[in-house]
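To start, the structure under review is shown below, and the notes come after it.
Note that this is a predicted model, so its numbers are computed, not measured. Residue numbers count from 1 along this sequence.
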Amino acid sequence: MIPTTNYEKLTTHNMANLITKFLILISLILLLARCGGNSQAGGPGAQSGPPPVQITVYDVSKKQMTYFDEYPAVLRSLNEVELRPQVNGYITGIHFTEGTKIVKGQKLYSIDQQAYEANYQQAVANLAVQEANLDRAKKDVDRYRELAKSDAIAKQQVDYAEATYEAAKKQVDASKAAVQNVQTNVRYSSIIAPFDGRIGISNVRLGAAVSAGQTVLNTISSDDPIAADITFDQREIMKFAGLQNSRAQDSIFYLTIGSQDYKNIGQITVIDRAVDPQTGSIRARLTFPNHDLTLRPGMSAKVKVKSPSHERSLVIPLKAVSEMLGEFFVYKIDSAKATQTKITLGKQVGTNVIVLQGLNEGDKIAVEGVQNLREGSTVAIAQPKTEEKPASTKK
C-alpha cells in the first residue's frame with residue numbers, strides 16, 4: 001500500500017469543508033425562498049391587521065315615551081287633631097262608637113261637672129252681691145250730688161261716694177269675668193267634635209282621671225279625600241309647578257299600595273313654600289278621593305307621575321350601554337370605526353333607556369357585538385337578526 005502525501009491530505013480536507021459550506025448555503029436559500037413564497041401567498045408568515053368586528057347598529061332617534069316616575073309617599077289626613085281635656089277631672093261619659101264617623105259639634109266625652117257647677121253657682125251669687133253694692137253706691141252718689149248743689153254736704157263726702165261708686169262698678173266687672181271663667185270650665189267639661197271625620201280607639205275609659213292639656217283622649221281625622229305627601233329634588237320644581245297648573249293633571253298622578261294600583265286618580269294641591277337647604281329637596285301634597293275608605297292615614301305608598309306625552313326624548317336600547325366605574329358609555333360608529341362615547345342616562349323604559357346627554361339624533365351606535373369592541377376598532381356592520389316566527393299548526 002502506497003502512503004498518502006501531506007498535499008493530498010490537505011486537498012481532501014479542503015474539499016470536505018467546501019462541500020459542507022455549499023450544502024449550508026443551499027439550505028439557507030431554500031429556507032428563504034420558502035418564507036418569501038409563504039408571505040406572498042398570504043400564508044402563516046403574512047403580516048396583516050385583525051379582522052373587522054361584526055356588529056349591528058342602531059340609529060339614534062327621538063320618540064314620544066310614556067313612562068312613570070315613582071316617589072315614596074306617606075298618606076295623611078287633611079284634618080287631624082288630638083283630643084285633650086282643658087279641665088281636670090274624671091271621665092263620666094263616652095258618647096260615641098270607636099272607629100266610626102262623627103259630625104262637627106257631636107258630644108264625645110263628659111268630665112265630672114259637680115265641682116265646676118258649684119263654683120259656677122258661687123260665682124253667680126257673688127255677682128249678685130256686687131251688683132247690689134253697685135246699686136246702693138249709685139243711689140248714694142246721686143243723693144250726695146243733689147245735696148252738693150245746695151252746699152248742704154261737704155265736698156269730701158261727695159268725693160268718697162263717687163269713689164265708692166266707681167269701685168263698686170269694678171267689682172261687678174270682676175264678678176262677671178269670674179262667672180264667665182267658671183262657665184267656660186263647665187263648658188269644657190264636655191268634649192265635642194271640632195269637625196266631621198272619623199274617631200279612633202279611645203285612650204281612656206269611664207272613671208279615668210284626666211289632666212288639662214296633658215291626657216290624650218282620642219284622635220279625630222278626616223278620611224275623604226286623603227293626602228299623599230312626597231318629596232322631590234329641587235331640580236324638578238319647574239316640572240311639578242307646570243303639572244300643578246295643568247288642566248290635564250287628572251290623568252297624571254297615580255297611587256300604588258304595595259303591588260296594587262289604587263283605582264282613583266289624584267291631583268297635586270300644594271307645593272311647599274321652601275326647599276330644605278340640607279337635602280336640596282322640597283315637599284308636595286297630592287289628594288286622592290277615598291269614598292270607600294280603602295286608604296288610611298299613616299300608610300306607605302308610591303306616587304307614580306306620568307311623563308307628559310308631548311315630550312320627545314332620545315331613546316336607545318339598554319343593551320348598547322356599558323358601565324365603567326359608575327359611568328356609562330356607548331360605541332359610536334363613524335367611517336367603520338368604533339369610538340367610545342360617554343353618555344348621561346335618564347329613565348329606563350322597558351328594554352330601552354332615555355339619553356340625556358352625549359348623543360344626537362341620527363348618530364349610529366353599536367348594539368350587537370359590543371363586548372368585542374375596543375376604542376378605534378374596525379367594524380363590519382351586519383344586518384340585525386330577525387326572529388323566526390314559529391310555523392302555525394293546524395288543529
Is the count of non-hydrogen atoms from other residues, nucleotides or ligands lying under 6.0 Å from [X] atom [atom1] greater than 12?
X	atom1	answer
Arg205	CZ	yes
Gln156	CD	no
Gln371	CD	yes
Lys139	NZ	no
Asp334	CG	no
Lys304	NZ	yes
Tyr90	OH	no
Arg198	CZ	yes

Flag the pair Phe232 / Phe240 as yes when their ring centroid distance falls below 6.0 Å, and as no otherwise.
yes
Centre-to-centre under 6.0 Å for Phe253 and Phe288, is that the case here?
no
Checking the side chain of Ser202 only, and the main-chain atoms of Val204 only, is there a donor and an acceptor separated by less than 3.5 Å?
yes
Looking only at heavy atoms, what is the nearest atom pair of [X] and [Y], with distance?
X	Y	result
Ala320	Ala366	CB-O, 3.3 Å
His95	Ser110	NE2-OG, 2.8 Å
Gly358	Lys332	O-NZ, 4.4 Å
Glu361	Ser61	CG-CA, 3.9 Å

Taking 4.0 angstrom as the limit, do Asp224 and Lys101 come out as a salt bridge?
no
Just verifying a value: how many Å separate [X] [atom1] and [Y] [atom2], rounded to the nearest 0.5 Å?
X	Y	atom1	atom2	result
Met299	Leu255	CE	CG	8.0 Å
Leu314	Lys63	CG	NZ	11.0 Å
Asn290	Leu295	CG	CG	4.5 Å

Quick one: are [X] and [Y] in side-chain contact, heavy atoms under 4.5 Å?
X	Y	value
Ser190	Tyr109	no
Ile220	Phe195	yes
Ile343	Ile316	yes
Ile271	Ile237	no
Ile55	Val367	no
Met324	Gln340	yes

Would [X] and [Y] count as having a side-chain donor-acceptor pair, cut-off 3.5 Å?
X	Y	answer
Asp261	Thr256	yes
Tyr71	Glu236	yes
Ser377	Lys337	no
Asn79	Ser77	no

Assess the residue pair Ser322 and Tyr331 against the criterion (side chain to side chain donor-acceptor pair (under 3.5 Å)); give the C-alpha distance rounded to whole Å, side-chain angles, the decisive distance to 0.1 Å, and a yes or no.
CA-CA 9 Å; Ser322 57; Tyr331 281 97; 5.9 Å; no
Please name the residue in the list Ile354, Leu356, Val353 that meets the side-chain contact (heavy atoms from CB on, under 4.5 Å) test with Leu345.
Val353
Among Ile333, Val355, Val330, find the one that has a side-chain contact (heavy atoms from CB on, under 4.5 Å) with Ile365.
Val330
